[in-house]
Asker: 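Here you go, one structure.
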Amino acid sequence: MRLLSSERVPSSLDEPRAYLTTVAQNLVSNLWRREKLEKAYLEALAQLPVSLAPSPEEQAIVLETLAELDMLLDGLPAIQRSAFLLSQLDGQSHAEVAAALGISIPTVKRYLVKALQSCYFADISFLA
């Protein structure tokens, strides 16, 4: 439904079967990516003491937020996405991110700006 209501669909399809195949492949890819995120989150939760573990409702909210963030950052190159995640989720400084990724601090700053712009200017209609 999101695809049909978006402006991405051409008015006429020369190869409808190929188009549907591409859409299906992207849906499967999104499913696998979401499952991978969920697995990583659940593994991190398993390492927490029981007293610090979030409630099932909090877990669902975090998983949903992670999936949305993943979709927002999907168009970025992997290194830019990594810089953003290291900085924002892991709380690393610009210098720590630069050292971890083998890039300069100004490059880290550029990457963070690109990632933040990607989130800020994203078409968030898919979240509704």
Side-chain angles (χ1 to χ4, degrees):
M1 291 303 296
R2 287 191 320 238
L3 180 64
L4 293 174
S5 64
S6 77
E7 296 175 5
R8 291 182 178 183
V9 179
S11 58
S12 67
L13 293 173
D14 296 331
E15 298 288 335
R17 184 174 242 166
Y19 187 75
L20 288 175
T21 300
T22 301
V23 169
Q25 288 172 340
N26 289 339
L27 288 172
V28 169
S29 176
N30 288 343
L31 174 68
W32 288 343
R33 186 172 51 233
R34 185 177 178 102
E35 287 176 352
K36 185 178 174 183
L37 275 171
E38 187 172 343
K39 181 180 176 190
Y41 176 66
L42 293 175
E43 287 173 359
L45 281 180
Q47 296 175 3
L48 287 176
V50 176
S51 61
L52 297 178
S55 70
E57 179 181 322
E58 290 171 324
Q59 289 180 25
I61 290 169
V62 169
L63 280 173
E64 184 177 321
T65 303
L66 286 172
E68 290 171 4
L69 182 59
D70 182 56
M71 290 178 79
L72 290 172
L73 299 176
D74 186 41
L76 294 176
I79 193 163
Q80 289 180 7
R81 191 171 43 248
S82 295
F84 179 80
L85 294 174
L86 289 171
S87 172
Q88 300 300 310
L89 294 182
D90 293 347
Q92 293 186 6
S93 69
H94 293 170
E96 292 170 330
V97 173
L101 298 177
I103 56 178
S104 68
I105 293 174
T107 301
V108 169
K109 290 178 182 180
R110 266 195 321 273
Y111 287 174
L112 293 179
V113 167
K114 289 234 186 230
L116 289 170
Q117 286 175 337
S118 177
C119 291
Y120 185 75
F121 294 115
D123 174 19
I124 59 170
S125 61
F126 67 87
L127 300 177

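Just so you know, residue 1 is the first one in the sequence shown, and it goes up from there. We use all heavy atoms of the structure for the numbers below, so side chains are in, but hydrogens, waters and symmetry mates are not.
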Asker: Does atom CD of E57 have more than 12 heavy-atom neighbours, drawn from other residues, nucleotides or ligands, at distances under 6.0 Å?
Answerer: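 Count not over threshold, so no.
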Asker: Looking only at non-hydrogen atoms, find the nearest pair between L69 and C119 and report the distance.
Answerer: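 Between these two residues, the closest heavy atoms are CD1-SG, 4.2 Å.
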Asker: Hey, is the main chain of R17 close enough, under 3.5 Å, to the side chain of T21 for a donor-acceptor pair?
Answerer: yes
Asker: Can you sort out the partners of R110 under side chain to side chain donor-acceptor pair (under 3.5 Å), two or more places apart, ordered by chain and number?
Answerer: T107
Asker: Considering residues at least two apart in sequence or located in another chain, which fulfil the side-chain contact (heavy atoms from CB on, under 4.5 Å) criterion with K109?
Answerer: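 If we apply the side-chain contact (heavy atoms from CB on, under 4.5 Å) test to K109, skipping adjacent residues, the hits are H94, I105.
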Asker: Consider only side-chain heavy atoms of I, L, V, M, F, W and Y, link residues closer than 4.5 Å, and tell whether L101 and L116 are in one cluster.
Answerer: yes
Asker: Where do A100 and Q92 come nearest, in terms of heavy atoms and distance?
Answerer: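 Distance-wise, the nearest heavy atoms are CB-OE1, 4.3 Å.
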Asker: When you look at V97 and Y111, which way does the side chain to side chain contact (heavy atoms under 4.5 Å, CB included) test go after all the steps?
Answerer: CA-CA 11 Å; V97 173; Y111 287 174; over 6 Å; no
Asker: Donor-acceptor pairs are to be reported for all side-chain atoms of residues 79-91 against protein atoms at under 3.5 Å, with residues two or more places apart or in another chain.
Answerer:
from: R81; atom 1: NH1; to: L73; atom 2: O; distance (Å): 3.3
from: R81; atom 1: NH1; to: L76; atom 2: O; distance (Å): 2.9
from: S82; atom 1: OG; to: A78; atom 2: O; distance (Å): 3.0

Asker: Output, in order, the C-alpha distance, side-chain angles, deciding distance and verdict of side chain to side chain contact (heavy atoms under 4.5 Å, CB included) for L66 and D70.
Answerer: CA-CA 6 Å; L66 286 172; D70 182 56; over 6 Å; no
